[in-house]
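Presented below is the structure to which this report refers.
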Amino acid sequence: VQLQACGGGLVQAGGSLRLSCAASGSIIRINYMGWHRQAPGKQRELVAGITGGGSANYSDSVKGRFTISRDNAKNTAYLQMNSLKPEDTAVYYCNAKVVVTFLNPSGVDYWGKGTLVTVSS
């Protein structure tokens with residue numbers, strides 16, 4: 001299973017970006033997809049996550065500004081980021097809990113390579 005994230009870039013404060021994360025490979029089901037970020041000198045933190053049924057959760061720092069969604073048919077998750085702030089600057093990573101065998105219905109964690117988001121003031 002591979003996760004391919006894209007959509008990062010340079011944007012001015014107040015601007016918007018949309019990240020996408022596409023999963024490919026031998027996938028039976030994706031139980032959960034999430035976005036994490038890691039800023040320089042800081043620990044990786046959860047930004048947002050979404051279950052297969054569409055229930056989403058967000059970190060307090062992005063609530064009201066970011067929206068996570070997913071297209072189950074395409075095994076893809078999206079992160080719409082609005083009203084971006086310089087403190088949102090980080091490498092954003094997607095992860096997914098993927099079921100690859102019926103013997104393990106909980107799934108296995110996979111991570112994609114990060115995509116850099118830079119917000120200038």
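- A distance of 8.5 Å separates CD of Gln2 from NZ of Lys113, quoted to the nearest 0.5 Å.
- Once rounded to the nearest 0.5 Å, the distance linking CD of Gln4 with OG of Ser24 reads 8.0 Å.
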Query raised in the report: Do Asp88 and Phe66 pass the side chain to side chain contact (heavy atoms under 4.5 Å, CB included) test, and can you show the C-alpha distance, the side-chain angles, and the key distance before you say yes or no?
Result: CA-CA 11 Å; Asp88 294 318; Phe66 291 11; 3.9 Å; yes
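- Looking at every heavy atom in both residues, Gln38 comes nearest to Lys42 through NE2-O, 3.1 Å.
- Residues Asn82 and Gln80 are in side-chain contact: their nearest non-hydrogen atoms beyond the backbone lie under 4.5 Å apart.
- With a 4.5 Å cut-off on side-chain heavy atoms, Pro105 and Arg29 count as touching.
- Scanning both residues, Asn75 and Met33, for their nearest heavy atoms gives O-CE, 4.0 Å.
- Both cation-pi conditions hold for Arg44 and Trp111: the charged atom is under 6.0 angstrom from the six-membered ring centre and inside a 45 degree cone around its axis.
- In this structure, Asn95 and Tyr110 have side chains that are not in contact, with every pair of non-hydrogen atoms separated by 4.5 Å or more.
- With rounding to the nearest 0.5 Å, the separation of CE in Met81 from CG in Leu19 is 3.5 Å.
- Geometrically, Arg18 engages Tyr78 in a cation-pi contact, judged by NZ or CZ lying under 6.0 Å from the ring centre and within 45° of the ring axis.
- Few gaps surround CD on Glu45; more than 12 heavy atoms of other groups in view lie less than 6.0 Å from it.
- Distance check, rounded to the nearest 0.5 Å: CZ of Arg37 to CD of Glu87 gives 8.0 Å.
- For Ile68 against Tyr58, the heavy-atom pair with the smallest separation is N-OH, 3.0 Å.
- When every heavy atom of Ile50 is checked against every heavy atom of Arg70, the shortest pair comes out as O-NH1, 3.4 Å.
- Ile27 has its side chain within reach of Val1: a pair of non-hydrogen atoms, C-beta onward, lies under 4.5 Å apart.
- A heavy-atom distance below 4.5 Å is found between the side chains of Leu17 and Leu84.
- At distances below 3.5 Å, not a single donor-acceptor pair connects side-chain atoms of Ser61 with backbone N or O atoms of Ser59.
- Screening Leu79, Thr115, Leu3 for a side-chain contact (heavy atoms from CB on, under 4.5 Å) with Cys94, the sole residue that qualifies is Leu3.
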Requested in this report: Kindly indicate, with the supporting measurements, whether the criterion salt bridge (charged side-chain N to carboxylate O under 4.0 Å, His left out) is fulfilled by Lys63 and Asp60.
Outcome: CA-CA 5 Å; Lys63 276 181 184 176; Asp60 288 342; 3.3 Å; yes
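- Minimum heavy-atom separation, Ser16 to Ser83: OG-N, 4.4 Å.
- Contact detail for Trp35 and Cys21: the closest heavy-atom pair is CZ2-CB, 3.5 Å.
- Between Val117 and Thr89 there is no side-chain heavy-atom pair separated by less than 4.5 Å.
- You'll find the side chain of Lys85 reaches within 4.5 Å of the side chain of Arg65, heavy atoms only.
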Report task. Given side chain to side chain contact (heavy atoms under 4.5 Å, CB included), test Asn57 with Leu46 step by step and report yes or no. Result -> CA-CA 10 Å; Asn57 62 288; Leu46 174 67; 3.5 Å; yes
